Colleague: 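Let me give you the structure first, and then I'll get to my questions.
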Amino acid sequence: MAEKITLTKQDRKKVWWRHQFLQGSWNYERMQNGGWCYSIIPAIKKLYSNKEDQIAALKRHMEFYNTHPYVSSPVMGVTLALEEEKANGENVDDTAIQGVKVGMMGPLAGVGDPVFWFTMRPILGALGASLALSGNLLGPILFFILWNVIRLAFMWYTQEFGYNVGTKIAEDMSGGLLGKITQGASILGMFIIGSLVQRWVSISFTPVVSSVAQSEGAYIDWSQIKGNADGIKSALEQYSSLGATGLNQIKVTTLQQNLDSLIPGLAALLLTLLCCKLLKKKVSPITIIIALFVVGIIGRVIGIM
């Protein structure tokens, strides 16, 4: 009885590394087939010693293939398991291998976009941008490192999961696992982006609602403040107890202050929701950006913003 051929961890790591370049030869006819074929070459060489068998294996992997580049890894893992079974004489034909690839690539493509493009990248980008806005050079560096560590780790462990589970992964897909992952990722992404609205979106309405003269003791009497260290200390102490309204005798209340007293950040939230609704209606992001510039400039000129 011939010794069973098995892909070692080192063999699978070679495939995993090559899989990083899945879209390196993307084409309009069969899309990612070239990158897929390049990725699986180390496994094919290990499983098939005969050159004709190697050629046949590569030919069946030159068929159409297209999915999200990161979630392609579990498909690769399952395919490696099938190729290993075929190389060891199991009844696995070319149609079965291609069928598993085609059957998995569609549902997984629907998971990759919300998890990576709409959740992970915005969260890490927001983290990096927040640091960069405060002048910290670690912002872009942190984004680059975290993104690639998460990406590489995800691709390795999901490839291993696919390889170890083999064709049984289809049962997980039909059981709604992917739907739950997609839903959870979408909820997390919405929560994180929502929490960043107040920090990233700045809008202020300047119309004056009321001007009220304050009584003595409710504001700093600047005529009594001496121009020395003691005077500065006294002004700061009064400001600490009175707040911003204590700077002037006339207390001015703006529309923005009234809105903030009701729900802080309400205007920013409404503006964000409006932009989301316009994007959902297929309005171009460029159009929205230009409109925001125009509205902001007009608002500033007429004195309402």
Side-chain angles (χ1 to χ4, degrees), residues 5-48 54-87 92 94 96-117 119-121 124 144-170 172-173 177-178 181-182 185:
I5 307 171
T6 305
L7 292 172
T8 65
K9 190 173 184 178
Q10 194 62 33
D11 296 326
R12 301 195 300 273
K13 279 185 177 179
K14 290 178 182 178
V15 175
W16 162 76
W17 174 248
R18 284 178 172 236
H19 208 177
Q20 313 301 317
F21 313 105
L22 177 65
Q23 304 206 98
S25 62
W26 195 94
N27 62 89
Y28 285 104
E29 182 182 0
R30 300 186 183 184
M31 304 210 171
Q32 297 169 334
N33 70 322
W36 174 277
C37 197
Y38 170 76
S39 303
I40 205 170
I41 284 175
I44 297 300
K45 286 184 175 180
K46 175 67 175 292
L47 294 172
Y48 304 100
Q54 292 177 355
I55 293 172
L58 292 177
K59 278 185 176 179
R60 65 173 162 265
H61 289 295
M62 285 299 287
E63 295 297 323
F64 175 88
Y65 181 79
N66 187 49
T67 190
H68 189 284
Y70 301 164
V71 298
S72 175
S73 292
V75 187
M76 177 61 79
V78 174
T79 305
L80 291 177
L82 290 173
E83 286 288 356
E84 188 175 278
E85 289 180 8
K86 185 177 179 67
V92 179
D94 295 359
I97 295 175
Q98 186 63 13
V100 168
K101 287 170 58 180
V102 172
M104 291 180 66
M105 70 184 187
L108 285 171
V111 173
D113 285 343
V115 171
F116 285 98
W117 298 157
T119 302
M120 194 61 64
R121 187 165 63 177
L124 296 179
F144 178 81
I145 292 174
L146 288 178
W147 175 259
N148 283 287
V149 167
I150 293 171
R151 176 181 66 85
L152 292 170
F154 176 86
M155 293 184 72
W156 168 249
Y157 286 110
T158 54
Q159 179 181 293
E160 286 293 278
F161 172 74
Y163 174 75
N164 292 322
V165 175
T167 54
K168 292 181 181 178
I169 195 173
D172 290 326
M173 294 171 63
L177 176 62
L178 298 183
I181 293 174
T182 303

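In this text, all values refer to a predicted model and were calculated from it rather than measured experimentally.
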Colleague: Can you list the steps and then say if Lys46 with Thr8 is a side chain to side chain contact (heavy atoms under 4.5 Å, CB included)?
Modeller: CA-CA 9 Å; Lys46 175 67 175 292; Thr8 65; 3.7 Å; yes
Colleague: I'd like to know if the side chain of Ser73 and the backbone of Trp156 have a donor-acceptor N/O pair within less than 3.5 Å.
Modeller: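 No: the side chain of Ser73 does not pair with the backbone of Trp156.
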Colleague: Identify the two heavy atoms, one from Gly35 and one from Ser25, that lie closest to each other, and give their separation to 0.1 Å.
Modeller: N-OG, 3.2 Å
Colleague: Return the CD1 to CD1 distance between Ile55 and Ile44, rounded to the nearest 0.5 Å.
Modeller: 12.0 Å
Colleague: For the residue pair Glu84 and Ile5, what are the closest heavy atoms and their distance?
Modeller: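 Heavy atoms of Glu84 and Ile5 come nearest at CG-O, 3.5 Å.
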Colleague: Hey, what do you get for CD1 (Ile150) to CD1 (Ile145), rounding to the nearest 0.5 Å?
Modeller: 11.5 Å
Colleague: List in chain and number order the residues that pass side-chain contact (heavy atoms from CB on, under 4.5 Å) with Asn66, two or more places apart in sequence or in another chain; answer none if no residue qualifies.
Modeller: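 side-chain contact (heavy atoms from CB on, under 4.5 Å) list for Asn66, sorted by chain: Trp26, Met31, Gln32, Phe64.
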Colleague: Tell me whether Phe144 at atom CZ has more than 12 heavy atoms from other residues, nucleotides or ligands lying less than 6.0 Å away.
Modeller: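 Not more than 12 within 6.0 Å, no.
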Colleague: Closer than 3.5 angstrom, by distance alone: can the side chain of Gln159 be matched with the main-chain N or O of Met76 as a donor-acceptor pair?
Modeller: no
Colleague: What distance separates Ile41 CD1 from Lys14 NZ, expressed to the nearest 0.5 Å?
Modeller: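 Rounded to the nearest 0.5 Å, the CD1-NZ separation comes out at 12.5 Å.
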Colleague: How would you list, by chain and number, every residue that makes a side-chain contact (heavy atoms from CB on, under 4.5 Å) with Arg121, sequence neighbours excluded?
Modeller: Trp117, Phe143, Trp147
Colleague: Any ion pair linking Asp11 and Lys45 (charged N to carboxylate O, less than 4.0 Å)?
Modeller: no
Colleague: Might you point out which heavy atoms bring Ala81 and Tyr163 nearest each other, and give the distance in Å?
Modeller: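 The pair with the smallest heavy-atom distance is CB-O, 3.7 Å.
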Colleague: Ignoring hydrogens and geometry, is there a side-chain-to-backbone donor-acceptor pair from Arg151 to Tyr70 under 3.5 Å?
Modeller: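 Looks like no, no N/O pair under 3.5 Å.
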Colleague: Start with the C-alpha gap between Trp36 and Ser72, add the side-chain angles, then the distance that decides, and say whether side chain to side chain contact (heavy atoms under 4.5 Å, CB included) holds.
Modeller: CA-CA 9 Å; Trp36 174 277; Ser72 175; 3.6 Å; yes
Colleague: Output, in order, the C-alpha distance, side-chain angles, deciding distance and verdict of side chain to side chain contact (heavy atoms under 4.5 Å, CB included) for Tyr65 and Val75.
Modeller: CA-CA 11 Å; Tyr65 181 79; Val75 187; 3.6 Å; yes
Colleague: Could you pull out the closest heavy-atom pair between Met155 and Thr158, with the gap in Å?
Modeller: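 Looks like O-OG1, 3.4 Å.
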Colleague: The criterion is side-chain contact (heavy atoms from CB on, under 4.5 Å); which residues satisfy it with Asn164, sequence neighbours excluded?
Modeller: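 Result, side-chain contact (heavy atoms from CB on, under 4.5 Å) vs Asn164: Glu160.
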Colleague: So do Leu152 and Gln20 actually touch side chain to side chain, heavy atoms under 4.5 Å?
Modeller: yes
Colleague: Stepwise, does the side chain to side chain contact (heavy atoms under 4.5 Å, CB included) test hold for Met104 with Thr67?
Modeller: CA-CA 9 Å; Met104 291 180 66; Thr67 190; over 6 Å; no
Colleague: Between His68 and Phe116, how do the two ring planes meet: parallel, tilted or perpendicular, split at 30° and 60°?
Modeller: parallel
Colleague: Run the salt-bridge test on Arg60 and Glu83 with the 4.0 Å N-O cut-off and return the result as yes or no.
Modeller: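 Yes, charged N to carboxylate O under 4.0 Å.
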